[in-house]
Amino acid sequence: MTSDTRKGRLIVLSNRLPKGDVPAGGLIFALHEALSGAGGIWIGSADPTETADDTLTPIGSGAYDRFTFSLTEAEHAGFYLGYSNAVLWPLFHHRSDLMEITGDDFDAYAAVNARVARALAAMLRPDDTIWIHDYHFLMVASELRKLGVGNRIGLFLHIPFPNVTDVLALPQANLLAGWLAAHDLVGLQAQRDVSAAFDVLRQDGEVQILNDGTWIRAGRIFAIRSFPIGIDAEGFAKTAAAAPTPELLLDPRAPLLIGVDRLDYSKGLVHRFEAFGEYLARRSDPHMRPTFLQIAPVSRENVAAYQDIREELERASGSINGAHADLDWTPIRYVRHHVDRDRIAGLYRRADVALVTPLADGMNLVAKEFVAAQDVTDPGVLVLSHFAGAAEQMEAALQINPFDQGSFAEAIDRALTMSLEERIERNDALRKGVFEQDIAWWTQTFLNRLSSASISYDGGAEV
Ligand code: GDG
């Protein structure tokens with residue numbers, strides 16, 4: 001997969017790494033493929049313990065080696081639950097109102113980033129390439145540079161980039177440009193994220209943009225570009241085609257809408273439930289009795305904002321079902337546990353409509369999985385929020401503003417009554433992008449760009 005021009009080992013750093021079998025599909029699978037092709041090292045976080053030190057613990061080897069870095073319970077609370085998920089995550093999803101800022105959490109974040117950098121530096125060879133993933137490790141590259149590391153370092157941020165005014169809510173706002181500038185390449189999901197990052201950099205007195213669109217800060221040149229992440233489209237399409245018919249206890253012709261999301265306030269689930277409720281209240285065909293199946297496994301339960309969203313959602317589904325349900329019809333089915341991947345694939349294929357309507361989202365892979373899973377001769381309709389990074393690539397989706405409940409409800413009606421001809425036309429256009437810009441394309445494009453001797457500018461995006 002990685003036919004890039006890199007010479008040394010690839011070293012991947014991500015918070016999660018496979019500790020046993022590698023799950024099919026998804027980011028973990030893509031990184032596994034990249035490392036399997038080229039050999040290298042994958043570093044991720046260990047389960048928290050009482051004490052922590054700078055050594056990396058080997059947890060498996062094969063085509064590549066896996067290691068974990070250690071962290072204490074207190075660091076896990078401050079670094080992971082605190083600064084990563086109760087400061088950076090809400091801030092980068094335009095929800096600074098949900099930030100829980102404490103100095104101790106930042107200290108834990110800085111300490112864990114510095115420890116990871118020391119552990120990494122101790123094992124580096126001169127021609128190794130480092131690929132850092134996500135907001136948990138924004139400071140690792142700058143810590144590595146302080147230790148004298150000159151290796152190529154790339155960062156891919158899976159979440160949206162905050163705008164200039166959002167960033168002011170971060171007590172460490174003045175450090176952000178320096179953290180970014182320590183990389184050679186910063187990859188973002190969408191071009192809108194690149195624009196936001198450019199605006200933030202322009203506020204930093206030490207950063208200058210060069211003629212070729214790269215940036216310079218304290219003598220270091222770095223680039224910021226978009227690399228929209230894809231999925232294993234071929235693999236997912238095969239899984240969906242082979243999946244057994246889902247056991248839904250539904251009339252086989254009853255219209256089915258589906259949503260699949262981690263339970264997170266950024267995914268817009270309450271807005272989605274309410275828009276579906278409004279659709280039910282004024283649907284064009286009162287005889288149509290669709291079922292909306294929302295799968296939303298709980299995540300980050302120890303962060304307060306996640307408990308609130310869970311309660312809000314339960315209230316919303318209860319009141320909508322209370323208003324519309326009948327003896328033989330439950331309009332909203334809300335499943336809070338994890339469902340197997342092949343069952344999800346089969347459900348996408350069976351569904352008439354997917355509601356992928358986040359309020360903010362780096363990309364959103366569900367939009368792409370739904371398209372890959374469709375029967376091309378009788379495809380379902382993708383209703384997609386403007387605020388998913390995927391909206392930039394997936395123009396043929398029925399795009400909506402999740403904050404405008406009335407037009408969202410109309411779009412649901414339109415999706416459920418769309419002609420076969422229009423469904424096929426839209427799906428064909430979407431499918432092309434999903435299959436061409438898949439996960440292999442993404443990995444290769446990022447790594448090629450990172451390893452290219454001169455990082456040059458030709459418009460700010462790889463698309
Ligand atoms: C971040 C960014 C970006 C969900 N529930 C179940 C299940 N899922 C799978 C879906 C999909 C994945 O989880 C979720 O994908 P998202 O793209 O919505 O991801 P986030 O977790 O928010 O991740 C996001 C992504 O990184 C990649 O860069 O797209 O914007 O926020 O694959 O299918 N899968 C199974 N059972 C479930 O119950 N099997």
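Both counts, for ligands and for their atoms, begin at 1 and track the order of listing.
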*Establish, for the pair Arg300 and Trp89, whether the NZ or CZ atom is under 6.0 angstrom from the six-membered ring centre and no further than 45 degrees off its axis.*
yes

*asked:* Rounded to the nearest 0.5 Å, what separates atom CE in Met363 from atom NZ in Lys368?
replied: 4.5 Å

*Counting heavy atoms only, which part of Ile344 comes closer than 4.0 Å to ligand 1: side chain, backbone, both or neither?*
side chain

*All ring pair (Phe, Tyr, Trp, His ring centres under 6.0 Å) counterparts of Phe67, not counting sequence neighbours*: none

*With a 4.0 Å heavy-atom cut-off (strictly under), which part of Phe370 contacts ligand 1: side chain, backbone, both or neither?*
neither

*asked:* So if I count the atoms of ligand 1 from 1 in the order they appear, which ones are less than 4.0 Å from some heavy atom of Asp340?
replied: 39 (N)

*asked:* Suppose I only count heavy atoms of Gln189 and a 4.0 Å limit; which atoms of ligand 1 are within that range?
replied: 3 (C), 28 (O)

*Would you mind reporting whether Tyr348 and Val366 have side-chain heavy atoms less than 4.5 Å apart?*
yes

*Taking both backbone and side-chain atoms of Asp261, is any N or O found less than 3.5 Å from an N or O belonging to ligand 1?*
no

*For residues 35-48, pull every pair meeting side chain to side chain donor-acceptor pair (under 3.5 Å), keeping only residues two or more places apart or in separate chains.*
Ser14-Trp42

*Mind checking the CG-CD spacing from Leu384 to Gln393? Nearest 0.5 Å is all I need.*
10.5 Å

_Pairs of nitrogen or oxygen atoms closer than 3.5 Å, one from Asp361 and one from ligand 1: do any exist?_
yes

*Using distance alone, decide if ligand 1 has a nitrogen or oxygen within less than 3.5 Å of any nitrogen or oxygen in Ile229.*
no

*Can you say whether the rings of His136 and Phe79 are parallel (under 30°), tilted (30 to 60°) or perpendicular (over 60°)?*
tilted

*Closest by any non-hydrogen atom to atom 25 (C) of ligand 1: pick that one out of Leu365, Val260, Leu157, Ile439.*
Leu365

*Which of these, Arg310, Arg262, Arg336, sits in a salt bridge (Lys or Arg N to Asp or Glu O under 4.0 Å) with Glu301?*
Arg310

*Counting heavy atoms only, name the option from Val339, Asp134, Ile159 that's nearest to atom 38 (O) of ligand 1.*
Val339

_Using heavy-atom distances only, which candidate in Arg336, Lys267, His158 approaches atom 19 (O) of ligand 1 most closely?_
Lys267

*Answer side chain, backbone, both or neither: which part of Trp89 comes under 4.0 Å from ligand 1, heavy atoms only.*
side chain

*With a 4.0 Å heavy-atom cut-off (strictly under), which part of Ile295 contacts ligand 1: side chain, backbone, both or neither?*
side chain

_Does the residue Tyr135 have a heavy-atom contact with ligand 1, meaning some pair of atoms that are separated by less than 4.0 Å?_
no

